[in-house]
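The block underneath contains the structure these notes are about, expressed in structure tokens.
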Amino acid sequence: MKYLSASIIMGAALAASCASSNGSFTLNQPSDTLTIVNINHAPKYAILPIEEEQPEAQVMLNGTPMDVRLAVNKVDYTVPFPLHAGAEKDSLVIKNLARNAVAWKHIELADTFDTANREKFRPIYHHTPAYGWMNDANGLVYKDGEYHLYFQYNPYGSKWGNMHWGHSVSKDLVHWTHEQPAIARDTMGHIFSGSCVVDHNNTAGFGKDAIIAFYTSHKNLPGNHQRQQQCIAYSLDNGRTYTKYEGNPVLTPFDGLENFRDPKVFWYAPQNKWVMIVSADKNMRFYESKDLKKWSYMSEWGAGYGPQPNQFECPDFFEMAVDGNAQHKKWVMIVNINPGFAYGGSGTMYFVGQFDGHKFTCDTAPNDVKWLDWGKDHYATVTYSNTPGRIIAMPWMSNWQYANLTPTQQFRSQNALPRELKLYTADNGEQLVSAAPVKETEALRNKATDLGSFEGEKQAKIDNEGAFELDFDLQAGTADKCGVEIANAKGEKVSIYYDVKAQRFVMDRAESGITEFGNKVEPHQLDNAQSLKRYKEVTVNYHNAFALGTWAPVPVKADTHHVQIFVDKSSVELFVDGGRIAMTNLVFPNEPYNQLRFFGGKVANAKAYNIK
Ligand code: FRU
């Protein structure tokens with residue numbers, strides 16, 4: 001396949017023309033901020049050159065301008081912009097890119113786009129988009145043997161923007177296939193987060209077993225204002241393509257609230273109706289519907305709950321058996337907040353209580369905050385619909401404090417491992433949610449290295465490329481702290497240990513590798529006093545909002561704790577006692593970690609599994 005760039009004649013409204021088997025184009029630049037790219041015999045894509053630190057230019061094909069950081073001085077990478085493939089004539093309108101920008105020399109036409117991995121931090125077994133930016137998991141739904149993972153996606157660059165629902169599919173929650181984006185940004189706005197249901201009884205009239213997606217349409221308005229309203233789209237081909245409902249929006253805020261987003265919809269069988277929860281600034285609003293199109297307000301819950309101030313986002317809500325007892329069930333409300341997390345930035349909290357079909361009543365006081373995961377990189381976590389008997393959560397593995405700055409380019413952001421949630425009773429009588437890696441992760445295990453049972457110090461090398469699982473039983477020894485350091489030959493390390501006196505599990509990534517991100521990670525002054533205190537208690541070499549340690553209290557005391565650690569190219573996830581503690585942290589080691597140093601405790605049945 002041949003690529004061809006056009007040469008441009010600057011100045012007047014004309015340009016050079018070029019031809020190839022991939023079509024040809026001319027650039028028409030009537031003014032400094034407007035260019036028309038006239039394309040003959042359009043191939044599949046215009047390949048657009050990006051420079052990440054530039055402001056956004058606008059590129060328009062079908063009436064919806066997309067914001068693209070087109071290269072001004074240098075090209076960092078390229079993205080494919082789909083054209084009307086096969087059309088005799090096609091044209092792109094590009095606004096707000098100066099005539100002397102280097103992008104004009106680098107635009108190409110092509111029928112293919114190379115997605116081969118170029119990133120050393122690309123995970124081996126965690127989901128990432130092939131290219132472009134990703135944040136929240138959206139529309140998680142299981143149907144006909146497939147788990148759909150939609151996600152907040154920018155196909156036109158690796159920073160946040162142009163929200164689409166990207167799409168990947170898996171049969172087992174751990175091996176994913178990339179699909180075309182399912183729902184694209186349109187003239188109503190960005191396609192923000194939301195949920196999906198399977199309409200088994202065709203209540204909406206789109207078709208039996210249609211998958212129906214609920215998303216927030218977000219539009220920026222003048223004067224720093226925004227409009228957020230709830231919309232639906234339906235799929236009759238098992239989630240591959242969606243048709244936006246012509247009656248959109250289906251729900252607007254009755255009081256003009258500007259932060260009104262991330263609809264979660266579920267079937268409430270006792271009253272034969274659908275329920276929608278929408279995050280409404282620092283509150284959650286509940287609505288009901290019989291047909292998924294007309295929604296009536298029922299109640300609200302949440303004002304004053306959790307750390308203050310905060311912003312509620314991405315609600316989820318489900319019923320769970322307490323300690324596995326199907327006769328004793330409680331409702332769990334997931335509230336993602338940003339900012340306000342215990343370690344700064346964004347995090348996922350939950351509340352346990354009752355639901356009567358109209359109103360949620362929380363069992364605990366507003367300031368009684370429970371975190372679903374104690375690491376710094378676990379956000380916008382929501383669960384799969386249509387998985388009877390299992391509650392499966394899918395976190396986005398980043399933090400809004402630095403999500404746009406992490407040291408990757410071809411793609412940015414990944415999902416943490418999917419987790420199965422359970423409700424159990426802790427030592428102090430509280431009902432807590434555990435989050436264990438789904439059992440399907442066992443299928444990832446490759447070669448096992450038996451590290452045996454031992455006391456005190458032990459070093460081991462593991463033969464892999466930085467993707468492995470480590471499992472062991474841990475008992476306190478004579479030292480105050482016991483655990484394991486996961487390191488590379490450069491001395492970069494993550495220290496994971498049990499602080500016996502404080503009854504905490506700690507993960508310290510202060511010396512884990514790249515922690516500066518070009519010195520742009522916000523300094524500690526911007527963290528809140530509470531989070532600063534928490535991480536200074538455990539961090540060896542704290543110097544910014546990334547280089548820190550996180551810790552979790554032990555909820556059920558025991559002589560022996562079971563420890564499971566998942567290491568990938570740029571993440572470490574800790575699960576203690578089947579997910580009673582979950583702690584998820586990004587890391588960017590300059591070389592893969594392949595050394596272990598156990599210290600201070602009695603370790604039994606230690607095994608390392610390579611993951612390929
Ligand atoms: C959470 C969030 C959502 C919103 C989406 C936009 O991370 O801010 O509230 O729908 O991201 O991408």
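Every heavy atom of this structure was used, including side-chain atoms; hydrogens, water molecules and symmetry mates were not. Numbering of ligands and ligand atoms starts at 1, following listing order.
With hydrogens and angles ignored, the 3.5 Å screen pairs a side-chain donor or acceptor of E573 with a backbone N or O of L417.
With respect to atom 8 (O) of ligand 1, the closest heavy atom belonging to the protein is E313 OE2, 2.9 Å. Scanning the protein heavy atoms around atom 2 (C) of ligand 1, the nearest turns out to be D136 OD2, 3.3 Å. Of all protein heavy atoms, the one closest to atom 6 (C) of ligand 1 is Q152 OE1, 3.1 Å. Looking only at protein heavy atoms, the nearest one to atom 4 (C) of ligand 1 is D262 OD1, 3.6 Å.
To the nearest 0.5 angstrom, F192 atom CZ is 7.0 Å from M163 atom CE.
Atoms of ligand 1 lying under 4.0 Å from at least one heavy atom of F192, given by number and element, are 4 (C), 6 (C), 10 (O). In summary, the atoms of ligand 1 found under 4.0 Å from a heavy atom of M163, numbered by their order in the structure, are 12 (O). Those atoms of ligand 1 that come under 4.0 Å of a heavy atom in Y379, given as number and element, are 1 (C), 7 (O).
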Exercise for the section: Test salt bridge (charged side-chain N to carboxylate O under 4.0 Å, His left out) on K159 and E56 and set out the steps. Expected result: CA-CA 11 Å; K159 284 187 185 290; E56 294 166 327; over 6 Å; no
Exercise for the section: Could you go through the side chain to side chain contact (heavy atoms under 4.5 Å, CB included) check for R285 and F260 one step at a time? Expected result: CA-CA 9 Å; R285 290 186 185 164; F260 184 65; 4.2 Å; yes
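Between W396 and ligand 1, no pair of N/O atoms sits closer than 3.5 Å.
A donor-acceptor contact closer than 3.5 angstrom links the side chains of T550 and N585.
In this structure, the ring of F351 has its center no less than 6.0 angstrom from the ring center of F360.
Here N135 has side-chain heavy atoms under 4.0 Å from ligand 1, and that is the only part of it that gets that close. For H190, no heavy-atom contact with ligand 1 is shorter than 4.0 Å.
Under a 4.0 Å N-O distance rule, the pair D262/K264 does not qualify as a salt bridge.
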